[in-house]
2 protein chains.
Amino acid sequence: MPPAPSASSRAHDLHATASQRLRSDGQRYTTNRRALVALLDTTDHPVTIAEVLTLRAGLAQSSVYRNLAVLEQAGVVHRVVANDEFTRFELAQDLTEHHHHLICSACGAVADFIIEPHLEASMADAFAPGGEQTGFLTEHHRLDLVGHCADCR
Amino acid sequence: MPPAPSASSRAHDLHATASQRLRSDGQRYTTNRRALVALLDTTDHPVTIAEVLTLRAGLAQSSVYRNLAVLEQAGVVHRVVANDEFTRFELAQDLTEHHHHLICSACGAVADFIIEPHLEASMADAFAPGGEQTGFLTEHHRLDLVGHCADCR
DNA sequence: ATGAGTGCAAAGGCTTTGCATTAGG
DNA sequence: CCTAATGCAAAGCCTTTGCACTCAT
């Protein structure tokens, strides 16, 4: 495995990639969209719309919804569905690192975590064929652990 | 592994268990609640509220929401979060068979499926310790495959 | 100049709640 | 009997949409 890129080079790649994917989708990489991508790059967990509005006061709520939808369509961000009523967003996993989620069933908090590579590989092997048997074409898998976070134990 | 129980004995166990869990929670096993459990026992996928109202016309919408919440609290049913805006419910997996979900990213459909026992075991082994490292207490894991169903391929 | 993007406000749609009535134990 | 459960309707809340204005190309 190559060493992790530095923060600055990763940020450069990130915005360059985001811009490119939006262009391919006929969309512009505007100031607001860049701000959203930059924000998602700073967090270690998927963020809710409310968090976005708090962390980046000044963004219009409707623009946040619309831009996250555009970014999702372009494959830059990914919609995360947890246990509560709030939709969360994170950077697409091919822009970060493939990971999974710890979901607190008490407070709804979501944190990222990574599993051992060999288990990840086992799952990758097992799932594609499993899906095909039923006429289902697998795009990706979603593995979450549901339990209680440190604050709610 | 013991042979699967017959449908009738399983139904008996199911309702007896449901009743018992509700009692433990200070709740009654009413006609409507029994109807919900019976309905969930007939499906091979988690059902939305809309499906419940269609399949069991006559149940009041608010009662369905309230009773599913009560049944969830008592550990009889389980809330399933997929990719769309609809909440789905299924029987708790200790009343059925541990399984996973195929989620169609196009139409939102959810189907049940089962993975190989050895992989299931690998995951069970890997997850509990992985969670503890971060102060997270794992209750259960959630593994879904997201892709396109036969109708949407 | 010209269409995409933005912000504000209003509308939508799933879900929850209030309250009077009914039924379970 | 007496409390919990039910049904209907209204309210809540996250999310989406309409529309006029602004900005980038």
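The analysis underlying the following values was restricted to heavy atoms, covering all of them including side chains, and did not include hydrogens, waters or symmetry mates. Order of the sequence lines fixes the chain letters, A, B, ..., with proteins taken first and strands second; residue numbering starts at 1 for each chain.
- Counting to the nearest Å, the C1' atom of D:dA4 and the OH atom of B:Y29 are 17 Å from each other.
- Annotation: ring pair (Phe, Tyr, Trp, His ring centres under 6.0 Å) contacts of A:H148 (sequence neighbours excluded): none.
- Residue A:N67 places at least one side-chain N or O under 4.0 Å from the OP1 or OP2 atom of C:dT6.
- In this structure, B:R88 places its CZ atom 12 Å from P of C:dC14, rounding to the nearest Å.
- For residues 96-115 of chain B, there are no salt bridge (Lys or Arg N to Asp or Glu O under 4.0 Å) pairs, not counting sequence neighbours.
- Under the salt bridge (Lys or Arg N to Asp or Glu O under 4.0 Å) criterion, the residue pairs touching residues 18-35 of chain A are A:R21-A:D94, with sequence neighbours excluded.
- For B:D25 and D:dA4, the CG to P distance is 13 Å, given to the nearest whole Å.
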Indicate every side-chain donor-acceptor pair of residues 79-87 of chain A with a distance under 3.5 Å to a residue at least two apart or in another chain.
{"unit_1": "A:R79", "atom_1": "NE", "unit_2": "A:E72", "atom_2": "OE1", "d": "3.3"}
{"unit_1": "A:R79", "atom_1": "NE", "unit_2": "A:E72", "atom_2": "OE2", "d": "3.3"}
{"unit_1": "A:R79", "atom_1": "NH2", "unit_2": "A:E72", "atom_2": "OE1", "d": "3.0"}
{"unit_1": "A:N83", "atom_1": "OD1", "unit_2": "B:R142", "atom_2": "NH1", "d": "3.0"}
{"unit_1": "A:D84", "atom_1": "OD1", "unit_2": "A:F86", "atom_2": "N", "d": "3.1"}
{"unit_1": "A:D84", "atom_1": "OD1", "unit_2": "A:R88", "atom_2": "NH1", "d": "3.0"}
{"unit_1": "A:D84", "atom_1": "OD2", "unit_2": "A:R88", "atom_2": "NH1", "d": "3.3"}
{"unit_1": "A:D84", "atom_1": "OD2", "unit_2": "A:R88", "atom_2": "NH2", "d": "3.2"}

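- Of the candidate nucleotides C:dT6, D:dA5, C:dG7, C:dG7 has the atom nearest to the side chain of A:A60.
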Name each donor-acceptor pair under 3.5 Å that joins a side chain in residues 50-60 of chain A to protein atoms two or more places apart or in another chain, with its distance.
{"unit_1": "A:E51", "atom_1": "OE1", "unit_2": "A:T48", "atom_2": "N", "d": "3.0"}
{"unit_1": "A:E51", "atom_1": "OE2", "unit_2": "A:H45", "atom_2": "NE2", "d": "3.0"}
{"unit_1": "A:T54", "atom_1": "OG1", "unit_2": "A:A50", "atom_2": "O", "d": "3.0"}

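- Taking the ring centroids of A:H98 and A:H141, they lie under the 6.0 Å cut-off.
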Could you walk me through whether A:I115 and A:H100 satisfy the side chain to side chain contact (heavy atoms under 4.5 Å, CB included) test, starting with their C-alpha distance in whole Å, then the side-chain angles of each, then the deciding distance to 0.1 Å, before giving a yes or no?
CA-CA 8 Å; A:I115 66 174; A:H100 302 278; 3.8 Å; yes
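- The CZ-C1' distance, from B:R33 to C:dG25, rounds to 14 Å in whole Å.
- At C:dG7, one or more side-chain N or O atoms of A:N32 fall inside 4.0 Å of OP1 or OP2 (strictly under the cut-off).
- Annotation: the terminal axes of the helix from C:dA1-D:dT25 to C:dG25-D:dC1 meet at 30°, where each axis is the rotation carrying the C1' atoms of four end pairs onto the next four (5 pairs per end, rounded to 10°).
- C:dT6 atom P lies 10 Å from atom CD of A:Q27, rounded to whole Å.
- For residues 47-76 of chain A, there are no ring pair (Phe, Tyr, Trp, His ring centres under 6.0 Å) pairs, not counting sequence neighbours.
- An OP1 or OP2 oxygen of C:dG5 is reached within less than 4.0 angstrom by no side-chain nitrogen or oxygen of A:S63.
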Summary of protein contacts for nucleotides 12-25 of chain D, nucleotide by nucleotide, where a base hit scores B, a sugar-phosphate-only hit scores S (4.0 Å, heavy atoms):
--SBBBB-------
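- One can place CG of B:L53 at 12 Å from C1' of C:dT15, the figure rounded to the nearest angstrom.
- The side chain to side chain contact (heavy atoms under 4.5 Å, CB included) check on B:H140 picks up A:V146, B:H78, with sequence neighbours excluded.
- Residue B:L59 contributes atom CG, which lies 15 Å from atom C1' of C:dA23 at whole-angstrom precision.
- The CD-P distance, from B:Q73 to D:dA5, rounds to 13 Å in whole Å.
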